[in-house]
Amino acid sequence: MIVATTISEVRAQVRAWRQEGLTIGLVPTMGYLHEGHASLIDAAVAQCDRVVASDFVNPTQFGPNEDLASYPRDFEHDRQLLEEHGCAMMFYPSVDEMYPDGGGKTDTYVEILNDMPKQLCGKTRPIHFRGVCTVVSKLFNIVTPDKAFFGQKDAQQLAIIRRMVRDLSYGIEIVGCPIVREADGLAKSSRNTYLSAEERQAALILSQSIFLGEKLVAEGEKDARRVVAAMTEKIQSEPLARIDYVSAVDGVTMEPVEQISGTVLVAMAVYIGKTRLIDNFIVEG
Ligand code: PAF
């Protein structure tokens, strides 16, 4: 596997692959890779001739009081996981390589101006999706993939990227991949590493509440407010949990819905101690 740290190395290799007529898949990550990321790489390897994974903790998507400085990193672990899963190139740029103005700052952003980035996570992370769209857009321009792979765990991010791709006419297919869970149900996340043993146990309340919501919908509940209320009550039974949001929204626009009809995303963000975790399920229309 090639490890590239500069944009020009990536461009040269991509050009060579294109000359051979090969298709290219991109898996954008912020590193500290786990089985959830591995499943994205596996999907990309199955669907594309060559896979590029970016490993970059993107400063523009972190707010001033968020965990940019403490975000977990492990280059060697990431390199090995990517290699084992058949990734052809790891793109591991410095902050200055991605943001040449220095200090992880830029004067040029890609931003969706409707309400999509203001719903759900956007309420407490107002600049987050602007940073995500900006870095993903840069990665699309650098790698020029045929397909890009994102996890359904970040369902709002996935919907926003689909919208960006549509609005900016990127000729890239966006592939959403299912949430990968631990054996006990907790959704895999790089941030799970922040949890103490007691918090790790308490964090199960997220997936338990997700499974409860799914069960209610499977049994025929159509009132989104009742589903959200039952899930909320379940989470509130855990003393270490503090709800940021539990919401049912339209799966495409992210606008709140009252009825479970069409494609609906039921999503949550919950603090366990100081760690903010997210989880969701989708009801397909
Ligand atoms: O989902 C993530 O890890 C990040 O938001 C992404 C898409 C790699 C952009 O930095």
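Just so it is clear, the model here is predicted, and its values are computed rather than measured. Indexing begins at 1, ligand by ligand and atom by atom, following the structure's order.
Checking T60 against N58 by side-chain atom types alone, a donor-acceptor pair falls below 3.5 Å. Side chains of D67 and Y194: a donor-acceptor N/O pair is present below 3.5 angstrom, by distance only.
At least one N or O atom of Q157 sits closer than 3.5 Å to an N or O atom of ligand 1. Looking at T29 next to ligand 1, no N or O pair under 3.5 Å apart turns up.
Ligand-side atoms of ligand 1 in range of P28: 8 (C), range being under 4.0 angstrom from any heavy atom. Close approach of ligand 1 to V135 (heavy-atom distance below 4.0 Å) involves ligand atoms 9 (C), 10 (O).
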Would R276 and D244 count as a salt bridge (charged side-chain N to carboxylate O under 4.0 Å, His left out) if you check the C-alpha gap in whole Å, the side-chain angles of each, and the deciding distance to 0.1 Å? CA-CA 8 Å; R276 185 176 177 279; D244 179 355; 2.9 Å; yes
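Here the heavy atom of the protein found nearest to atom 3 (O) of ligand 1 is M30 CG, 3.6 Å. Scanning the protein heavy atoms around atom 9 (C) of ligand 1, the nearest turns out to be Q61 OE1, 3.3 Å.
With R200 as the partner, the side-chain contact (heavy atoms from CB on, under 4.5 Å) test is satisfied by one option alone out of L186, N192, I272: L186.
Ring geometry for Y99 versus F56: interplanar angle of 30 to 60°, hence tilted.
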